Participant: 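Structure below; questions to follow.
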2 protein chains.
Amino acid sequence: MKHGRKRLLPCGRARSVPNGKAQVSFQDLINKLNSHLSKHRLKKSYSRLAIMDVIFRHARHFSIPDLVQLAQIHRPDIAFATIYRSGPVLLSAGILKKSLSDDSGHTIYELDSEVHHDHIICKDCAEVFEFHSPAIETQLSMVAGSYGLSLTVHEHVLWAECSYFQRES
Amino acid sequence: MKHGRKRLLPCGRARSVPNGKAQVSFQDLINKLNSHLSKHRLKKSYSRLAIMDVIFRHARHFSIPDLVQLAQIHRPDIAFATIYRSGPVLLSAGILKKSLSDDSGHTIYELDSEVHHDHIICKDCAEVFEFHSPAIETQLSMVAGSYGLSLTVHEHVLWAECSYFQRES
DNA sequence: ATGAATGCAAAGGTTTTGCACCCCC
DNA sequence: GGGGGTGCAAAACCTTTGCATTCAT
């Protein structure tokens, strides 16, 4: 017997709004994409627009397999190979960025809002919160400096509990 | 043509000593394992000991595929399925913990030293440093509190540069 | 016309699982 | 003896790739 199909999108991943902040518009995404494409002599295509649309409308924090599933629902005409191939393009266009890692180890992506933030994931309700703390950022630079390193990026994931459900012993 | 086989262990993962701190002994691992086994009515086995031995002696930060490779070298009698199956056991026994995520998205494990620390990975030399900052920890609890959450664990990975190699443009 | 992008299917790689057998309690 | 643990192989999943075709410029 195969293990049960996982829920399509754990609730924390499907939020359309993060924590109140204004996010990029779809037009922003198109602009980023076009500028990247022309910069690298690449061509416009329907598929990448459709993929961006699926992400913009239906996904917030997602793995590539998540995205494949979503696309099969909303844009079944797009082959999964195309989705895998568009990943690197959307990444280097600055449209997506890696945000955190799954419980199961899959890399999770999100729209690159250009507003740096880190994540708190609630183990009880599976909600994903975003936060930003300049104080912490400052500390981090100091830590890196003490190793003779200069910081580029960091990935910071907090796991917490809201006690929404009873804890099991 | 398939892409080149990756190095067996990127240099940063094979360190036998972290940053000078004393680490758990092998006996500690055995004790943890035994107490977990008896607590859950599980049975002792040679394989899990052998796997712990491989980890203790040859691995520092590793993915499960890394571990499979290492075991094939040092304990070729252990089936890879056994290694995959022992992962959850060693995790819940508190012997291993997830430490960070690969560039390619693989979850990386390490011995759970009970000394909490976070990681700085140098993109130039691939070294993995460990650090601990109480000041940051305090900030984090405050952040979580502001969301009504209580912090359990967190995963914090800094990516930095030491300029050991010339940067490419 | 040229080369990028796609769909399809196959190949590669990783992880899980079914089952018979073994071994610890 | 009963039930967990293991090895083996198959299955399931995930990701990349080759190739013919389509499409954008």
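On a predicted model such as this, the values are computed, not experimentally measured, just so you know. Throughout, a chain's letter reflects where its sequence line sits, starting with A, and its residues are numbered from 1.
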Participant: Once the angle between the rings of Tyr147(A) and Phe129(B) is folded into 0 to 90°, is it parallel (under 30°), tilted (30 to 60°) or perpendicular (over 60°)?
Facilitator: tilted
Participant: By a strict heavy-atom criterion of less than 4.0 Å, which residues belonging to residues 76-83 of chain B are in contact with DNA chain D?
Facilitator: Asp77(B), Ile78(B), Ala79(B), Ala81(B), Thr82(B)
Participant: Using the C1' atoms of five pairs at each end, what's the angle between the two axes of the helix from dA1(C)-dT25(D) to dC25(C)-dG1(D), to 10 degrees?
Facilitator: 30°
Participant: Suppose the criterion is salt bridge (charged side-chain N to carboxylate O under 4.0 Å, His left out): which pairs have a residue in residues 39-52 of chain B, not counting sequence neighbours?
Facilitator: none
Participant: Return yes if the base of dG4(D) and the side-chain atoms of Arg85(B) contain a donor-acceptor N/O pair under 3.5 Å, otherwise no.
Facilitator: no
Participant: How many Å lie between CG on Leu67(B) and C1' on dT14(C), as a whole number?
Facilitator: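 Distance, rounded to whole Å: 14 Å.
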Participant: Would you compute the distance between atom CG of Leu29(A) and atom CG of Leu49(A) and round it to the nearest 0.5 angstrom?
Facilitator: 10.0 Å
Participant: Just how far, in rounded Å, is C1' of dG3(D) from NE2 of His40(B)?
Facilitator: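 His40(B) atom NE2 is separated from dG3(D) atom C1' by 17 Å.
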Participant: Provide, to the nearest angstrom, the distance between the CG atom belonging to Leu37(A) and the C1' atom belonging to dT6(C).
Facilitator: 15 Å
Participant: For residues 71-85 of chain B, which residue pairs pass the salt bridge (charged side-chain N to carboxylate O under 4.0 Å, His left out) check, not counting sequence neighbours?
Facilitator: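 Of all non-adjacent pairs touching residues 71-85 of chain B, those that pass salt bridge (charged side-chain N to carboxylate O under 4.0 Å, His left out) are Asp53(B)-Arg75(B).
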Participant: Would you classify Lys44(A) as touching base, sugar-phosphate or nothing, given that sugar-phosphate means primed atoms plus P, OP1 and OP2, and contacts are heavy atoms under 4.0 Å?
Facilitator: sugar-phosphate
Participant: Can you name the side-chain contact (heavy atoms from CB on, under 4.5 Å) partners of Ala160(B), sequence neighbours left out?
Facilitator: Leu149(A), Leu151(A), Ile120(B)
Participant: Working to the nearest 0.5 angstrom, can you tell me the gap between Leu33(A) CG and His36(A) NE2?
Facilitator: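 Separation between the atoms: 8.5 Å.
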Participant: For the pair made of CD in Gln72(A) and C1' in dC13(D), what is the distance, rounded to whole Å?
Facilitator: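 These atoms are roughly 13 Å apart.
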Participant: To the nearest Å, how far apart are Leu49(A) CG and dA5(C) P?
Facilitator: 13 Å
Participant: Look at the side chain of Lys43(A) and the base of dA4(C), then say whether one donor and one acceptor between them are separated by less than 3.5 Å.
Facilitator: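 Check fails, no donor-acceptor contact within cut-off.
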Participant: Assuming nearest nucleotide by heavy-atom distance, tell me which of Leu42(B) and Ile64(A) is located more 5' along DNA chain D.
Facilitator: Leu42(B)
Participant: Roughly, in whole Å, what's the span from CZ in Arg48(B) to P in dG7(D)?
Facilitator: 11 Å
Participant: With no hydrogens and no angle check, do the side chains of Glu110(B) and His117(B) hold a donor and an acceptor under 3.5 Å apart?
Facilitator: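 Yes, because at least one side-chain N or O of Glu110(B) sits under 3.5 Å from a partner of the opposite role on His117(B).
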Participant: Go through the structure and list residues passing ring-ring contact (aromatic ring centres under 6.0 Å, His included) with Phe26(A), not counting sequence neighbours.
Facilitator: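 Result, ring-ring contact (aromatic ring centres under 6.0 Å, His included) vs Phe26(A): Phe56(A).
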Participant: Whether the His154(B) and His156(A) side chains hold a donor-acceptor pair (N or O, under 3.5 Å, no angle test) is what I'd like checked.
Facilitator: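 Their side chains do contain a donor-acceptor pair, which is all the 3.5 Å distance test asks for.
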Participant: Reading DNA chain D from 5' onward, which residue's closest nucleotide shows up sooner: Ser45(A) or Tyr84(A)?
Facilitator: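 Looking at the nearest nucleotide for each, Tyr84(A) comes out on the 5' side.
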